[in-house]
A.B. asks: 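One structure, pasted below without further comment.
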Amino acid sequence: MQSIQWLKRLKPLLLACKDKASIAKVHALMLLTGLSLHLSFNGRLIASYANIGDIVSARKVFDLLPHRGTDAWNAMIIAYSRNDFPVEAVYLYRQMILEGIRPDSSTFTVALKACTRLSDLKTGEEIWDRALDCGYEFDVFIMSSVLNLYAKCGKMDEAIELFDMMPRRDLVCWTTMISGLARSGQPIEAVDMYRRMQKEGMEGDGVAVLGLIQACATLGDSKLGPSVHGYLIRRSLSMDVFVQTGLVDMYAKNGQLELAHRVFKKMPYKSVASWGALISGSAQNGFAGNALEFLVEMQSCGYRPDLVSLLSALLACSQVGFLKLGKSLHGYTLRRFDIDQVLGTAAIDMYSKCGALSWARTLFDKIDSKDSISWNAMISSYGIHGHGKEALSLFLKMTKTNLKPDHATFASLLSAFSHSGLVQEGQYWFNLMVSEYNIPPAEKHYACMVDLLARAGRVEEAHKLIDSMNTEPGLTVWVALLAGCCKNGNLVIGEIAAKKVLELNPDDLGIYALVSNYYAKVRKWDKVAGVRKIMKKTGMKKVPGYSVVDVKGKLHAFLMEDKRHNQYEDIMQLLDKLDHEMRAIGYVPKTEFVLHDLEEEVKEKMLSNHSERLAIAFGLLNTAPGTRLLITKNLRMCGDCHEATKFITKIVNREIVVRDVKRFHHFKNGICSCSDYW
DNA sequence: CCCGTTGCGG
């Protein structure tokens with residue numbers, strides 16, 4: 001009886017222990033009074049050590065116990081599970097079974113959680129079978145763990161089936177289903193699940209609504225998100241760091257960066273993940289500058305950037321061609337984290353997109369444990385630089401390793417062929433992908449092939465390939481076909497492609513620009529007007545085009561008609577001078593690339609005001625003669641600017657490298673490395 | 001009686 005009273009008195013004491021010394025003091029007291037023999041008390045001691053992350057001491061207590069009951073085993077399994085040792089947790093569960101200790105509901109729950117962490121469906125099902133044998137058929141704790149196991153292992157259908165069979169469901173089970181659906185790419189079903197829960201008389205808490213928030217983040221619905229946010233406020237649900245970070249992530253993913261920032265600024269306590277959500281959201285929506293500023297701000301606020309934030313920052317560098325910063329970030333990240341494929345792959349991508357293809361290759365050769373993603377990144381790198389042959393030889397090298405080329409590898413390879421106009425190779429490997437590698441061609445593979453054929457002038461063949469598809473051809477293949485028709489002009493097929501593209505209601509202004517260009521090319525002015533009418537409707541993604549030029553390791557960004565720039569006058573003067581010289585050697589402005597109804601002369605003026613031209617002129621003005629220029633554009637390079645740049649390299653005798661959203665263009669002596677396959 | 005289950009950024 002006395003020991004129970006001791007237990008009651010020492011329990012809060014033990015829970016309040018924040019360091020090893022104070023736990024050890026209580027431990028010593030227990031040994032002195034003989035309390036250590038009390039089973040449940042030992043469980044608490046193990047838990048206390050586990051709480052402060054001292055797994056070694058926890059295990060020492062466990063090992064020294066003369067009698068180990070279910071509670072002690074549970075405490076040790078929980079200790080492993082909580083401290084990120086799922087393998088050990090599962091191992092201990094197995095040992096417990098072998099030693100004939102009877103597991104209880106808690107044991108199964110925690111062991112299942114550990115399996116979920118490991119994505120080990122097989123062991124999980126085995127544990128669940130035993131739980132059923134032990135009579136825990138209707139235990140909601142075990143059931144929610146099983147639902148979560150299925151959800152995390154990508155078996156959402158099984159989870160739904162199981163969920164529907166349950167006689168009683170608590171809020172945690174509903175929440176598991178809602179966030180499981182949201183994260184497995186079924187956001188609409190997640191929202192439906194929430195509504196179904198409400199209909200059955202259950203109201204969600206903050207955690208459940210967070211599932212809804214995640215659904216909105218993947219749904220990309222700019223109206224549903226704020227309405228869920230409003231619902232959260234109306235019901236005055238707890239807004240902890242998790243929920244608030246979820247909101248930041250949701251707004252950021254939907255491109256509503258101002259709203260994301262507003263929620264973020266109001267957060268009383270921020271976590272590293274909150275910063276990460278903001279940084280990655282900015283980087284992924286093309287706001288590279290903001291992403292990098294947030295990284296700096298994060299550090300000055302005393303937060304240490306973790307791998308996720310750093311990877312997002314690397315992505316931002318590769319978007320704007322910020323080689324200098326990208327390189328130092330890569331170095332910094334390497335020093336802090338183990339070299340792994342994720343970082344390696346991100347860095348390969350960054351180096352190659354910043355124009356340092358050979359550095360990318362050096363890094364690639366240095367990575368010890370390359371996975372197929374590393375190979376794919378390197379193959380794509382050759383592709384965007386227009387080195388189709390090198391991409392192929394690297395691919396062949398990969399087939400000699402024990403890694404199998406997958407659908408993504410072939411997507412990289414085929415796109416490399418299309419950037420280099422290697423039609424025969426493309427057809428050969430496309431066929432082999434299906435017949436030898438048993439990879440069913442997906443939309444992206446067809447898009448590459450259509451692109452390859454159509455741009456090479458084989459528009460009919462491209463159209464036939466689309467007809468042969470087993471699945472409904474989507475937007476990307478029709479856009480590829482139309483782009484080919486735009487280049488080579490094919491009235492019948494171009495008409496079909498343009499119609500299909502419009503039917504699919506793209507939300508990207510760039511695609512409408514392509515349709516408009518096509519109609520302009522075949523002189524169907526009424527259709528051009530029709531497309532422009534659609535473009536004027538709001539609700540479409542308006543990505544402002546900008547170009548960035550690297551001058552002595554410093555970046556300078558230009559928008560179209562950037563008159564605020566302090567060298568604007570000089571830039572315009574230089575462009576004027578170049579314009580005259582260009583015309584003298586055969587340049588004719590391609591005014592069809594201007595999408596407004598204006599006088600020809602005004603259109604020509606607009607062309608020479610494009611951001612890429614301003615960036616080139618600024619670069620020419622501020623670097624020594626002969627210096628290679630590197631320009632990065634966030635959209636496709638304008639066709640007229642592409643033509644003009646060829647002439648400029650001839651006149652100024654410089655190498656100009658432009659990386660647009662699709663690929664690299666190395667301009668030299670009046671020709672471009674893309675052979676006009678842009 | 002308690003424990004254990006669901007939730008953030010790549």
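As the structure is a computational prediction, the values presented were derived from the model and not from experiment. Heavy-atom basis, side chains included; hydrogens, waters and symmetry copies ignored. Protein chains get the first letters and strands the later ones, always in sequence-line order, with residue 1 at the start of each.
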A.B. asks: Let me know the distance between CG of A/D104 and P of B/dC1, rounded to the nearest Å.
C.D. replies: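 Between P of B/dC1 and CG of A/D104: 17 Å.
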A.B. asks: Within this structure, what is the CG-to-P distance between A/L247 and B/dG7, rounded to whole angstrom?
C.D. replies: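 My rounded result for the distance is 17 Å.
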A.B. asks: State whether A/K152 places a side-chain N or O below 4.0 Å from either non-bridging phosphate oxygen (OP1 or OP2) of B/dG7.
C.D. replies: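 Looking at the OP1 and OP2 atoms of B/dG7, one of them is under 4.0 Å from a side-chain N or O of A/K152.
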A.B. asks: Would you say that A/M156 contacts A/M177 through its side chain, given a criterion of any heavy-atom pair below 4.5 Å between the two side chains?
C.D. replies: yes
A.B. asks: Pick base, sugar-phosphate or nothing for A/S309, based on heavy-atom distances below 4.0 Å to the nucleic acid.
C.D. replies: base
A.B. asks: Starting the side chain at C-beta, find the nucleotide from B/dT5, B/dT6, B/dC8 nearest to A/F242.
C.D. replies: B/dC8
A.B. asks: Taking atom CD of A/E137 as the centre, report whether more than 12 heavy atoms of other residues, nucleotides or ligands fall under 6.0 Å from it.
C.D. replies: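 Result for CD/A/E137: open.
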A.B. asks: Classify A/D306 by what it touches in the nucleic acid, base, sugar-phosphate, or nothing, heavy-atom distance under 4.0 Å.
C.D. replies: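 Base contact.
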A.B. asks: Using a cut-off of 4.0 Å on non-hydrogen atoms, how would the nucleic acid contact of A/R183 be classed: base, sugar-phosphate, or nothing?
C.D. replies: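 Sugar-phosphate contact only.
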A.B. asks: Would you mind classifying the nucleic acid contact of A/N74 as base, sugar-phosphate or nothing, using non-hydrogen atoms under 4.0 angstrom?
C.D. replies: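 Since no nucleic acid heavy atom lies under 4.0 Å of A/N74, the category is nothing.
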A.B. asks: Below 4.0 angstrom, which residues in residues 200-227 of chain A have at least one non-hydrogen atom near DNA chain B?
C.D. replies: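 Only A/V207, A/L210, A/Q214 qualify.
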A.B. asks: Between the side chains of A/T409 and A/D406, does any donor sit under 3.5 Å from an acceptor?
C.D. replies: yes
A.B. asks: Count the heavy atoms belonging to other residues, nucleotides or ligands that lie under 6.0 Å from CZ of A/R262, then report whether that count exceeds 12.
C.D. replies: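 No, the 6.0 Å shell around CZ holds no more than 12 heavy atoms from other groups.
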A.B. asks: Over how many whole Å does the gap from A/F264 atom CZ to B/dG9 atom P extend?
C.D. replies: 15 Å
A.B. asks: CG of A/D349 versus P of B/dG10: gap in Å, rounded?
C.D. replies: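 The answer, rounded to whole Å, is 16 Å.
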A.B. asks: Considering residues at least two apart in sequence or located in another chain, which fulfil the salt bridge (Lys or Arg N to Asp or Glu O under 4.0 Å) criterion with A/D368?
C.D. replies: none
A.B. asks: Could you check which of B/dG7, B/dC8, B/dT5 has an atom nearest any side-chain atom of A/S179?
C.D. replies: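 The closest nucleotide is B/dG7.
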A.B. asks: Using whole Å, what does the distance between atom P of nucleotide B/dG9 and atom CD of A/Q244 come to?
C.D. replies: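 That distance rounds to 15 Å.
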A.B. asks: Return yes if a side-chain donor-acceptor contact under 3.5 Å exists between A/Y251 and A/H261, otherwise no.
C.D. replies: no
A.B. asks: Which is true for A/V342 with a 4.0 Å heavy-atom rule: it touches a base, it touches only sugar-phosphate, or it touches nothing?
C.D. replies: base
A.B. asks: Over how many whole Å does the gap from A/L147 atom CG to B/dT5 atom P extend?
C.D. replies: 15 Å
A.B. asks: Mind checking if A/K270 touches a base, just sugar-phosphate, or nothing, with heavy atoms under 4.0 Å?
C.D. replies: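 The answer is nothing, as A/K270 stays clear of every strand by at least 4.0 Å.
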A.B. asks: Does A/N148 place a side-chain N or O at less than 4.0 Å from the phosphate oxygens OP1/OP2 of B/dT6?
C.D. replies: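 Checking B/dT6 against A/N148, a side-chain N or O does come within under 4.0 Å of OP1 or OP2.
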A.B. asks: If you count heavy atoms of other groups shown closer than 6.0 angstrom to CD of A/E126, is the number above 12?
C.D. replies: yes
A.B. asks: How close or far is atom P of B/dC8 from atom CE of A/M298, stated in whole angstroms?
C.D. replies: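 The answer, rounded to whole Å, is 18 Å.
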A.B. asks: Can a donor-acceptor pair be found, under 3.5 Å and without considering hydrogens, that links the side chain of A/S81 to the backbone of A/A89?
C.D. replies: no
A.B. asks: Give a yes/no answer on whether the side chain of A/K253 brings an N or O atom under 4.0 Å of OP1 or OP2 in B/dG10.
C.D. replies: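 Result: yes.
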A.B. asks: Do A/Y303 side-chain atoms and A/K270 backbone N/O form a donor-acceptor pair below 3.5 Å?
C.D. replies: yes
A.B. asks: Taking the side chain as every heavy atom from C-beta outward, state whether A/M298 and A/R304 have any pair of such atoms under 4.5 Å apart.
C.D. replies: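 A side-chain contact is absent here, since even the closest heavy-atom pair is not under 4.5 Å.
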A.B. asks: Kindly state which residues belonging to residues 272-284 of chain A come within less than 4.0 angstrom of DNA chain B, counting heavy atoms of the residue only, listed by number.
C.D. replies: A/V272, A/A273, A/G276, A/A277, A/S280, A/Q284
A.B. asks: Just the rounded figure in Å: distance from P of B/dC3 to CG of A/L45.
C.D. replies: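 Whole-Å distance recorded here is 18 Å.
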A.B. asks: Select one nucleotide: of B/dT6, B/dC8, B/dG7, the one nearest the side-chain heavy atoms of A/D240.
C.D. replies: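 Between B/dT6, B/dC8, B/dG7, the one nearest the side chain of A/D240 would be B/dG7.
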A.B. asks: Taking the side chain of A/S144 as heavy atoms from C-beta outward, which of B/dT5, B/dT6, B/dG7 is closest to it?
C.D. replies: B/dT5
A.B. asks: Looking across every strand, which nucleic acid part, if any, lies under 4.0 Å from A/L307 by heavy atom: base, sugar-phosphate, or nothing?
C.D. replies: base
A.B. asks: Find out whether A/L247 and A/H229 are in side-chain contact, i.e. whether some heavy atom of one side chain is under 4.5 Å from a heavy atom of the other.
C.D. replies: yes
